[in-house]
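Below: one structure, written as structure tokens.
Computed from a prediction, not measured in an experiment: that's the story for all the values here. Side-chain atoms are counted along with the backbone in the values below, which use heavy atoms only and exclude waters and symmetry mates. Throughout, numbering of the chain's residues begins at 1 and tracks the sequence.
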Amino acid sequence: MTYDITALRSQFPALSAGTAHFDGPGGTQTPQPVIRAIADALAQPLSNRGQGTPGERNAESIVTKARQALADLLGAQPTGIVFGRSATQLTYDFSRALAKTWSPGDEVVVTRLDHDANIRPWVQAAAQAGATVRWADFDPATGELTAADVRAVLSPRTRLVAVTAASNLIGTRPPIAEISGLVRDAGALTYVDGVHYTAHTLVDLERLGADFFVCSPYKFLGPHHGVLAARPELLETLRPDKLLPSTDAVPERFELGTLPYEFLAGTEAAVEFLTGLAGLDTEATGTRRQRLASAFMALEVYEQALRTQLDKGLSSLPGIQVHSRAVHRTPTLLLTFEGRSSTEAYRFLAERGVHAPSGSFYAIEASRRLGLGDTGGLRIGLAPYNNGEDVERLLQGLSEFLTHRGNRRPRSRGRR
């Protein structure tokens, strides 16, 4: 499968502003087909779901198609797809529902590698249930979280393990399938934060062994909301708090209030965009799942080449420490600078039309474990629309930053 980056970039109106975006881990830019799908949904008759009127049928169709699209993307069943406002909100909701099944003395495992959205809801739910929280640590020297690290904190009282499939701070990809197997053997459930992972690798829920998997479409070219995938039969066993007249059917029993139909239409469009890279490969055939597999294979090869270019360029710059060192990781790097703050670097680059933000990005435990306190570092994250010129602009900006002193006027943003 070919990867035509020039044609791909032409589908993103935001790129015409000239900024080189390395902020993909916080949210990607939006392609025209997604924008169009959202507008089209709002332009058509739209009502609460049903079959009686065009507006009702449009809403029902949007939800049905979105569930199928996410099922194809995640290797799940449509009736196991739950929509929510965000991955954080969904995790809070499910932590409360699962905590109803816990008793004092039960144990919940969280990791120091995770985004706080997959830590704090579980810590708080455990406290309310009288359960004990156990922490799986990662090696700050290598950035690795291993299955052995998780095994060390499992016990017969473990009820749930919350773990990330990819660190949004340093990109580390733990061996989720192996971890899930250990958790299953311990008689517990695995709740996987796949928000960062889904943007770079095709998800296979069954292969990963995750009981619950959450992601956010706005991290893979879609609109802002959250998605959870689980086996429908597992969802049937949970009793969330809900309104009395709302349906008890799965997955709707977990979806509080009216769904954002226009965003679901945009999410289906984002998945379809990914299947053929906006139709750039006209020879693509097969099911949507098969086309997604081909597309993500091409994406991984492309992003690996850009990461190699980036790694090589960074290695030639003095005074930079790279904290992303795991063998298996996403194209996401965290940098700190000798004698300089990452916030200063972010501002310097921003003045030159390069967006690489600084902070801990809610991965507060990981930042502290790395010895960076709550400050974190400069995060560089590649997205499907980045190109070699973007990388060179970033490297040039970092080179200038490292030698910059005083208040010289910034250079122009370069070619658009």
Side-chain angles (χ1 to χ4, degrees), residues 25 87-88 90-92 94-95 98-99 102 106-127 131-155 157-198 200-201 203 208-216 228 323-330 332 334 360-374 376 379:
T88 301
L90 285 166
T91 303
Y92 262 114
F94 274 81
S95 70
L98 285 161
W102 302 339
D106 286 345
E107 296 180 356
V108 177
V109 174
V110 295
T111 90
R112 297 200 188 277
L113 186 64
D114 272 79
H115 187 291
D116 211 53
N118 204 31
I119 296 176
R120 218 55 52 188
W122 304 111
V123 170
Q124 293 164 357
T132 299
V133 175
R134 304 194 70 183
W135 292 82
D137 231 329
F138 72 96
D139 184 349
T142 64
E144 299 283 9
L145 174 72
T146 68
D149 295 325
V150 175
R151 182 191 295 115
V153 292
L154 292 176
S155 84
R157 296 305 301 269
T158 304
R159 295 295 172 260
L160 179 132
V161 174
V163 60
T164 185
S167 166
N168 72 304
L169 189 67
I170 56 175
T172 299
R173 289 173 48 177
I176 295 299
E178 186 178 357
I179 290 171
S180 296
L182 293 173
V183 175
R184 184 169 54 252
D185 291 344
L189 297 171
T190 307
Y191 191 100
V192 175
D193 176 354
V195 172
H196 187 58
Y197 180 90
T198 309
H200 302 285
T201 302
V203 178
L208 291 175
D211 295 294
F212 304 94
F213 185 96
V214 287
C215 62
S216 302
L228 179 140
H323 298 273
S324 302
R325 306 189 187 100
V327 174
H328 300 290
R329 55 188 170 90
T330 64
T332 300
L334 186 74
S360 60
F361 307 99
Y362 284 80
I364 193 74
E365 298 290 348
S367 181
R368 291 171 178 174
R369 178 65 175 150
L370 290 167
L372 303 178
D374 295 355
R379 185 176 67 182

Any donor-acceptor pair under 3.5 Å linking the side chain of [X] with the backbone of [Y]?
{"X": "S367", "Y": "I364", "value": "no"}
{"X": "R112", "Y": "W135", "value": "no"}
{"X": "T158", "Y": "L160", "value": "no"}
{"X": "T172", "Y": "S167", "value": "no"}
{"X": "R379", "Y": "T332", "value": "no"}
{"X": "S360", "Y": "A363", "value": "no"}

Report the C-alpha separation of R134 and S155 in whole Å, then their side-chain angles, then the decisive distance to 0.1 Å, and conclude whether the side chain to side chain donor-acceptor pair (under 3.5 Å) test is met.
CA-CA 10 Å; R134 304 194 70 183; S155 84; 4.6 Å; no

Could you tell me whether the side chain of [Y] reaches within less than 4.5 Å of the side chain of [X], counting heavy atoms only?
{"X": "T164", "Y": "H196", "value": "no"}
{"X": "Y197", "Y": "V203", "value": "yes"}
{"X": "V161", "Y": "L154", "value": "yes"}
{"X": "L334", "Y": "L372", "value": "yes"}
{"X": "H115", "Y": "D193", "value": "yes"}
{"X": "L370", "Y": "F138", "value": "yes"}
{"X": "I170", "Y": "L113", "value": "yes"}

Which atom of G194 lies closest to which atom of A165, heavy atoms considered:
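Looking at all heavy atoms of both residues, the shortest contact is CA-CB, 4.4 Å.
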
Report all side-chain donor-acceptor pairs from residues 175-184 shorter than 3.5 Å, counting only partners two or more places apart or in another chain.
residue: S180; atom: OG; partner: I176; partner atom: O; Å: 2.9
residue: S180; atom: OG; partner: L208; partner atom: O; Å: 3.0

side-chain contact (heavy atoms from CB on, under 4.5 Å) between V108 and Y191, intermediate numbers included:
CA-CA 11 Å; V108 177; Y191 191 100; over 6 Å; no

With F212, the side-chain contact (heavy atoms from CB on, under 4.5 Å) member among L90, T190, L98, V192:
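Between F212 and the candidates, side-chain contact (heavy atoms from CB on, under 4.5 Å) is satisfied uniquely by L98.
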
What salt bridge (Lys or Arg N to Asp or Glu O under 4.0 Å) pairs are there with at least one residue in residues 113-125, not counting sequence neighbours?
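Applying salt bridge (Lys or Arg N to Asp or Glu O under 4.0 Å) to every pair that reaches into residues 113-125, excluding sequence neighbours, yields D116-R120, R120-E365.
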
Can you pull the salt bridge (Lys or Arg N to Asp or Glu O under 4.0 Å) pairs that have at least one residue in residues 158-172, sequence neighbours excluded?
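Salt bridge (Lys or Arg N to Asp or Glu O under 4.0 Å) check on residues 158-172 returns D106-R159.
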
Crowding at CZ, F361 (>12 non-hydrogen neighbours, <6.0 Å):
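Buried by this count: over 12 neighbours within 6.0 Å.
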
Hey, mind stepping through D137 and D149 against side-chain contact (heavy atoms from CB on, under 4.5 Å) and telling me if it holds?
CA-CA 6 Å; D137 231 329; D149 295 325; over 6 Å; no

What's the verdict on side-chain contact (heavy atoms from CB on, under 4.5 Å) for R157 and T132, showing C-alpha distance, side-chain angles and the deciding distance?
CA-CA 9 Å; R157 296 305 301 269; T132 299; over 6 Å; no

When rounded to the nearest 0.5 angstrom, what is the spacing between CZ in R329 and CZ in R325?
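Here the interatomic distance stands at 10.0 Å.
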
To the nearest 0.5 Å, what is the distance between CG on N118 and OG on S95?
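Between atom CG of N118 and atom OG of S95 there are 10.0 Å.
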
We want to know whether R173 and T201 form a side-chain donor-acceptor pair, criterion being a heavy-atom distance below 3.5 angstrom.
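Side-chain D/A pair, R173 to T201: present.
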
